[in-house]
Amino acid sequence: MANRSKSRKRTPWDDLPEPTIVQEFLQMHYVARYDQRHPKIKDAGESKLINSFTPAKCPYCESDDFVKIGFDSNGIRRYKCSCGKTFKPTTGTIFDSRRIPICEWIEYCLNIFRYVSLNADSWNNRNAISTSKYWLEKLFLTLENSQNNVILSGTVWLDETYYSLMMRERVRDESGRLLRGLSRNQICIGVATDKKHTICFVEGFGKPSQKRSYEAFKDHIAPGSTLIHDKEKTHKKLVEKLHLKSVSYSSAKLKRLADSENPLDTVNRIHCLLKMFLNAHSGFSRDDLQNYLNLYSFVINPPSDHLEKVEKIIKMVFENPKSLKYREQFVEIT
Ligand SMILES: [Zn+2]
């Protein structure tokens, strides 16, 4: 982190023996603002927050046979397990071995929720971009299964939309021209909502199939619900297996309607916002698309208050620890 402080905390006049009054004033306020935004872990008062979570099991051997053994130098509770290992409430969570206070993480989440792009966020918090990306990885990991338990019911609007591969990844035909239409170069995203909750899943490349739309939504729509859609054929298996009441419109007819008259307007509007959100993060690896969809769904689903969302995330982090193990090669470079 020393490196980060040097780069972003620096002013042009740091090495001047006698800065002018104006330079001194700018320097003082710039640095004060930086320090206010980046408190040291010890001063951030987060030990109380961390200590309020008691680990359910030892992160090393999963035993619940452990005892409290005082605090570390930051005032964070330490435990000792019968397996001989010591740990803290943060061990095995995304806050493990962090070099940033949790209050910065809160600010980061709030910015992301406000649809701020990685670049803008990095600038706002004066963090290096690689740090923002590292935090985004942590956020993705936390939200990995966040759509798993969502089940839509009642009236459900379902429609697919498409997002392009990055230019350099797009497939070309023998003559070097980009494939046209709903080709391999388009990633199909299924979006469904019952106006209370919304879910978004990658369905694969090009046109969706019966099998893929069924696989994507079979665990997320309550049997017997009413399905409003425009792809009778594609959703046939889903409708049959879940005994849905199908209300299907022909897309040719829908195209001629004004938005306000379009029965799929509800889901079309979500498509539109989703694309704005994805475009704000343009240039991301399409391998991460499902992670972005999980994040988007988390942002648009209840609770609507952003601070309540952060509260939910902090609970998820401590109550369902996820180690960064398989991403250990992702080294924080700042
Ligand atoms: Zn243990």
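Since the model is a prediction, treat every value here as computed from it, not as a measurement. Both counts, for ligands and for their atoms, begin at 1 and track the order of listing.
Under the 4.0 Å criterion applied to side-chain N and carboxylate O atoms, E311 and K315 are assigned as salt-bridge partners. Salt-bridge annotation for K312 and D305: absent, with no side-chain N of the basic residue lying under 4.0 Å from a carboxylate O of the acidic one.
Around the Zn ion (ligand 1), protein N, O or S atoms at less than 2.8 Å number 4.
Partner of F53 under the ring pair (Phe, Tyr, Trp, His ring centres under 6.0 Å) criterion, chosen from Y79, F95, F318: F318.
Grouping Ile, Leu, Val, Met, Phe, Trp and Tyr by side-chain contacts under 4.5 Å, direct or through others, leaves F71 on its own.
With rounding to the nearest 0.5 angstrom, the OG1 atom of T11 is 8.5 Å from the CG atom of L26.
Using the six-membered ring where Trp is involved, Y292 and F140 have ring planes that are perpendicular, over 60° apart on the 30 and 60° scheme.
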